[in-house]
S.K.: 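I have a structure I would like to understand better, so I am pasting it below and will then ask my questions one at a time.
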Amino acid sequence: MLSLKRLFGTNGIRGLVNKELTPQMAIKIGSAIGTFFQRGNLIVGYDARTSGPMFAKAVIAGLNASGCNVLFVGMSPTPALQFAVRNHKMNGAVIITASHNPPEYNGIKVIWKDGIELSREQEIEIEDTYFNEKIHHAEWCNLGTTRALHGVIDDYVEAIKKHVDVSEIAKKEYHVIIDPGNSVGSLAAPRLLRELGCKVTTINANIDGTFPGRSPEPRPENLKDLALTVKSVGADLAVAYDGDADRSIFVDENGRIHWGDKTFALVEKHFLKDNPDEKIVTPVSSSTLVKDIADRYGGEIVWTKVGSVTVSQTMKNLNAKLGGEENGGIFYGPHQSVRDGAMATALILNIMAETDEELSKLLGELPEYFIEKGKVECANDIKKKVLEKLTEQLSELNMNTIDGVKLWFEDKSAILIRPSGTEPIYRLYAEAKTQEKTIQLIEEYSSKLETIINSLKS
Ligand code: MG
């Protein structure tokens, strides 16, 4: 009988340092992970958070106690550690990171031998071991060892360069501004871009786990300085990474910040030109723009639930080579089937060099959509029933119910209605060719939801 208690959320184990996640817990979690890997060989690394070294030591103690050997990398971008797992033929990795969460958080991500985070079934095994005291304690003579692993970032940078035309990019002498948000994005991307012949200017590139420059979640509202800098120094583009450098948000030479769907659609367009008939994997939260591009250039869209692990697992199962998310996650399978900020940056530069066009022009050529968001309060205990009723009412429409309800309409507008996983609300995301239509969609479907919620209350 497996435990119903949970450690893992949608992207690993996360919590407030020394409140929800303590080093004592981290030792036990390390041992539970070590028990799962059965005396395997694992990589361990961490992002720039102040609590990173503390949790890494605790997790390593737990891993060694259960008989696992550790190659310890230290501070590194998450995608570089994921690449190292396959490059060194390891059984997996444990990454101490809370990605885009504020600095007072940290977390533990577990990676399988393919470089992708564990499946939910595998996580349940670790949770069962942790909560039901099934941890393997190795004999004194079978404890795991820990050695330092050097050169992970060198290998990672070299691997990315193999997927782009280095000399074509170098000829253009692009000036790129990089904002790693005071975290591990500083360790690989500036170097990669210099090796691609770019002139690199950095802001917020000093490593500081208090994240003084901006929030580790790159959003338009905290990238204003970056956008102004691009214009004032006349750079060709800017890029901002999240806390563990797997997601990237781009700013064009005019200082315009572009959300992830858009840059993903640009990568998708150029990928499909060279590789028609390929599958493109993306969550239902992505813009119709991604589908427009697939339709126009002969690709096939595979919609998934929201979440980067689902995208990676789906790509692996279907042998798909490209995936992307609206939040700036680009998954380039020929390199690795996980989101990777430095790889995404190299791909964008490659497209600019190949087409000899400015980023604003390349992104401006893509179909334009307006987006509007809304929310409706709904008690957690009736969320499921509400979704059933809503699906029933809308069954005549062009719908996908893989995650909430997504509806596509004839006029290219669309709406996603999804229960929040953390708050007692339903979220609505509408997009259309005009602003009026997005507002009308939000109003129409908010009122449909409210009617259903009220009918269930009485
Ligand atoms: Mg991240």
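Position 1 is the first residue of the sequence, and the numbers go up from there. We count ligands from 1, going down the list as the structure has it; atoms in each ligand are counted the same way. These figures come from a predicted structure and were not determined experimentally.
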S.K.: Nearest to the Mg ion (ligand 1), which N, O or S atom of Asp242 do we find?
M.R.: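 Nearest N/O/S atom: OD2.
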S.K.: Of all N, O or S atoms in Asp244, which has the smallest distance to the Mg ion (ligand 1)?
M.R.: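 It is OD1, the N, O or S atom of Asp244 closest to the Mg ion (ligand 1).
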S.K.: Name of the Asp246 N, O or S atom nearest the Mg ion (ligand 1)?
M.R.: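 Minimum-distance N/O/S atom of Asp246 relative to the Mg ion (ligand 1) is OD1.
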S.K.: As a test of understanding, state which of Ile43, Val70, Ile108 forms a side chain to side chain contact (heavy atoms under 4.5 Å, CB included) with Val94.
M.R.: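 Answer to the side chain to side chain contact (heavy atoms under 4.5 Å, CB included) test with Val94 among Ile43, Val70, Ile108: Ile108.
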S.K.: Below 4.5 Å, heavy atoms only, C-beta onward: do Thr438 and Ile442 meet side chain to side chain?
M.R.: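 When only atoms from C-beta onward are counted, Ile442 and Thr438 do not touch, as no gap falls below 4.5 Å.
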S.K.: Tell me if a side-chain donor or acceptor on Asp242 pairs with a main-chain N or O of Ser99 at a distance below 3.5 Å.
M.R.: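 No, the answer is negative, given that no donor and acceptor are paired below the 3.5 Å cut-off.
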S.K.: Honestly, is Lys28 close enough over Tyr130, meaning NZ or CZ under 6.0 Å from the six-membered ring centre and within 45° of the axis?
M.R.: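 That pair qualifies as a cation-pi contact.
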S.K.: Is the Mg ion (ligand 1) less than 2.8 Å from at least one N/O/S atom of Ser99?
M.R.: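 It does: Ser99 brings an N, O or S atom closer than 2.8 Å to the Mg ion (ligand 1).
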